[in-house]
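Okay, structure first, notes after.
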Amino acid sequence: MNETSRGAKSMVQTVYSITVPAGDVVFRQGEEGRVAYIIERGKVEVSIDQDGRKAVIAELGDGEIFGEMSIIDDAPRSATVTALTDTELVVVQRARFQKPIAAANPLMKLLLRVVLSRFRDAQRQLSGLRDNSKRPDTSLEEVRNLALKRITAEREMRGGLEAREFVMHYQPIISLETGRIAGFEALMRWQKGDGSFVSPAEFVPLAEETGFIAELGRWSMEESLAAQRRFAEATADAIPDAPTPFMSVNVSGYQLSELTEIAHLADIIDASGVAPANIKLEMTETLLVQDPDHASKALHEMKKSGVSLAIDDFGTGFSSLSYLHQFPLDTLKIDREFVNNMESSDNSARIVGSIAQLAHSLNMSIVAEGIEKSEQIVALKGLGCHFGQGYLMSKPLPADDVAALIETNPSW
Ligand code: C2E
Ligand code: CA
Ligand code: CA
């Protein structure tokens, strides 16, 4: 049995045991490797091929690990491993490590790569093998550049936050039924010292990769909830019979990956003095898809503070609709792609219709994003959407401009 056929189990389990009879090869030098092995009981021999001659470089016994390098980097097996006795092996799938490695900060990844590449070099020299190609380790260089870029980016963002270069803008979300403002979505902006704007589509992913999103997210939560109080007051003053506007805050999946971070956010919500009924948290589908069990725990934890939860960009990346009902969700936000294409594509209109039906049957409200034409309002209303936002009504605005807008008691 070779590695590939043993690997058939990989889809199901990330750790399992196999027994390799004495004399069998576990893997060969040069093969692709996606698993590591721990010797539960038995003995193996590690050898390398030297110009057609076999050179044994180690014998390993109970409790020792081998094949571990290939699960961290993509390089082929650097040696051949043969069972000397009937050997029981615990097989550890690469998949088991990919998430933590991917989640590790860039410095950690760089460190891993450096250690690995040094180790491989040392192994080559020990065995007297010449690295004929002598090509530089490009993957190492790439990782190093990436790590440097991230570290610089984090330092810049951190400095930017201190220098108050980050600001929140707020985009009105209207009730499609009344045509009036029902709430706002808080959207982050970064205006650098030199006056240039960096799009959140650019810096949010960077902040996520560096872990800085936690700090940035706490700041945006505080800022947005303070703005909600201001807008609620302005609304009460200008339009006494209007309901209190809600504030919808974007929360990255990274912020919800640690329960301690959720507790931080809950504290900010408690301290804000904003009624949780007027707070909505928006998160994207990926969070739910990647780790549904954790997501369910995290979302239930978040719900404890009384806020409502919305799924952002709905329809763009969900692999299974059947997941939906297991999460405590209150709102679906239909991605602007669908809204945009509604008139030109029957498909998009049908998708919007089905999402609306789905939301109704799950007792959720629906927000349509990216409304740019008045015909879209009519169509969306007809399909059963409750709320809408888009440039037609208003672009995201600084808090002062929102306060001024509220005073005009606008309707669309
Ligand atoms: P998103 O949450 O889907 O936000 C909606 C985006 O659509 C915003 O882009 C908004 O300005 C834009 N938009 C609204 N109406 C229209 C329209 O009618 N037409 C068009 N073409 N665009 C419209 P923005 O502000 O550039 O934000 C981009 C993304 O960055 C957001 O997408 C969100 O994923 C992320 N983001 C922004 N602020 C935050 C934040 O405070 N925290 C986190 N975690 N992510 C944020
Ligand atoms: Ca959003
Ligand atoms: Ca969105």
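All values below were derived from every heavy atom in this structure, side-chain atoms included, with hydrogens, water molecules and symmetry-related copies excluded. Each residue takes its place number in the sequence, starting with 1.
- To the nearest 0.5 Å, atoms CD (E301) and CD1 (I262) are separated by 6.0 Å.
- By the 4.5 Å heavy-atom criterion applied to side chains, F327 and P292 are counted as neighbours.
- For the pair V46/V56, no side-chain contact is recorded, criterion being any heavy-atom separation below 4.5 Å from C-beta on.
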Stepwise, does the side-chain contact (heavy atoms from CB on, under 4.5 Å) test hold for L299 with L329?
CA-CA 8 Å; L299 297 194; L329 301 170; 3.9 Å; yes
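- No donor-acceptor distance shorter than 3.5 angstrom exists from the side chain of T85 to the backbone of T87, with no hydrogens or angles considered.
- With a 4.5 Å cut-off on side-chain heavy atoms, F387 and I174 do not count as touching.
- E223 contributes no side-chain N or O that, together with a main-chain N or O of V167, makes up a donor-acceptor pair within less than 3.5 Å.
- Formation of a donor-acceptor pair under 3.5 Å by the S296 side chain with backbone atoms of D293 is not found in this model.
- A distance of 10.5 Å separates CD of E88 from CD1 of I18, quoted to the nearest 0.5 Å.
- Between atom CD of residue Q29 and atom OG of residue S78 there is a gap of 7.0 Å, rounded to the nearest 0.5 Å.
- Side-chain contact between I355 and F314 is present, with heavy atoms from C-beta onward closer than 4.5 Å.
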T80 vs I48, side-chain contact (heavy atoms from CB on, under 4.5 Å): CA-CA, chis, key distance, verdict:
CA-CA 6 Å; T80 299; I48 50 171; over 6 Å; no
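- Around the CD atom of Q191, the shell of radius 6.0 Å holds more than 12 heavy atoms that belong to other residues, nucleotides or ligands.
- Annotation: E59, atom CD; neighbour count of heavy atoms from other residues, nucleotides and ligands within 6.0 Å is above 12.
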Pairs of donor and acceptor atoms involving the side chains of residues 275-282, under 3.5 Å and at least two apart or interchain, shall be tabulated with distances.
| residue | atom | partner | partner atom | Å |
| --- | --- | --- | --- | --- |
| K280 | NZ | T331 | OG1 | 2.8 |
| E282 | OE1 | K333 | NZ | 3.3 |
| E282 | OE2 | S248 | OG | 2.8 |
| E282 | OE2 | K333 | NZ | 2.7 |

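- The pair R218-E222 does not meet the salt-bridge criterion, since no charged nitrogen lies less than 4.0 angstrom from a carboxylate oxygen.
- Note on D400 versus R230: salt bridge recorded, some NZ/NE/NH1/NH2 to OD/OE distance being below 4.0 Å.
- Of the inter-residue distances, the one linking S175 atom OG with K381 atom NZ reads 8.0 Å to the nearest 0.5 angstrom.
- With rounding to the nearest 0.5 Å, the separation of CE in M342 from CD1 in I351 is 12.0 Å.
- Between atom CG of residue L383 and atom CD1 of residue I366 there is a gap of 9.0 Å, rounded to the nearest 0.5 Å.
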Could you go through the side-chain contact (heavy atoms from CB on, under 4.5 Å) check for L60 and Y37 one step at a time?
CA-CA 11 Å; L60 304 174; Y37 301 89; over 6 Å; no
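- Of all heavy-atom pairs between A232 and T244, the closest is CB-CG2, 3.8 Å.
- Distance alone, capped at 3.5 Å, is enough to place a donor-acceptor pair between the E31 side chain and the R28 backbone.
- The backbone N or O of A310 sits nowhere less than 3.5 Å from a side-chain atom of D330 that would complete a donor-acceptor pair.
- Heavy atoms only, all atoms of each residue included: N250 and A186 are closest at ND2-O, 3.1 Å.
- Taking all atoms of both residues into account, the shortest heavy-atom contact from P328 to H300 is CD-CE1, 3.7 Å.
- Using modelled atom types, no side-chain atom of H386 and backbone atom of E177 make a donor-acceptor pair closer than 3.5 Å.
- You'll find the side chain of I38 stays beyond 4.5 Å of the side chain of L89, heavy atoms only.
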Determine, stepwise, if the pair V44 / E64 fulfils side-chain contact (heavy atoms from CB on, under 4.5 Å).
CA-CA 10 Å; V44 302; E64 293 194 273; over 6 Å; no
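- Donor-acceptor pairing under 3.5 Å is lacking for the side chains of S345 and N347.
- The nearest pair of heavy atoms linking P200 to P205 is O-CD, 3.5 Å.
- Checking side-chain atoms of S224 against main-chain N and O of S220 turns up a donor-acceptor pair under 3.5 Å.
- Using a 4.5 Å cut-off on side-chain heavy atoms (C-beta onward), Y170 and M247 make contact.
- A donor atom on one side chain and an acceptor atom on the other are found under 3.5 Å apart for Q389 and Q171.
- Among residues at least two apart or in separate chains, side-chain hydrogen bond (donor to acceptor under 3.5 Å, both in side chains) pairs with a member in residues 367-376 are E343-K373.
- I173 has its side chain within reach of F246: a pair of non-hydrogen atoms, C-beta onward, lies under 4.5 Å apart.
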Show me the donor-acceptor pairs within less than 3.5 Å that the side chains of residues 263-274 make with the rest of the protein, sequence neighbours left out.
| residue | atom | partner | partner atom | Å |
| --- | --- | --- | --- | --- |
| S272 | OG | I269 | O | 2.7 |
| S272 | OG | V274 | N | 3.1 |

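- Looking at heavy atoms from C-beta onward, M283 lies out of side-chain contact with D312 at the 4.5 angstrom threshold.
- Contact between G42 and D62 at its shortest, heavy atoms only, is N-OD1, 2.9 Å.
- Below 30°, between 30° and 60°, or above 60°: for F203 and F166 the angle between ring planes is above 60°, a perpendicular geometry.
- Closest approach of C385 and V352 over heavy atoms only: SG-CG1, 4.3 Å.
- A donor-acceptor contact shorter than 3.5 Å is absent between the side chain of D86 and the backbone of T19.
- In this structure a side-chain-to-backbone donor-acceptor pair under 3.5 Å is missing from E32 to P76.
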Kindly determine whether K54 and E45 satisfy salt bridge (charged side-chain N to carboxylate O under 4.0 Å, His left out), including the steps that lead there.
CA-CA 11 Å; K54 172 171 128 177; E45 169 197 271; 2.9 Å; yes
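- Environment of NZ in K43: sparse, with no more than 12 heavy atoms of neighbouring residues, nucleotides or ligands closer than 6.0 Å.
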Between K192 and E165, is the salt bridge (charged side-chain N to carboxylate O under 4.0 Å, His left out) condition met? List the steps.
CA-CA 6 Å; K192 287 194 178 177; E165 290 174 6; over 6 Å; no
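- A side-chain donor-acceptor contact under 3.5 Å links R77 to the backbone of G67.
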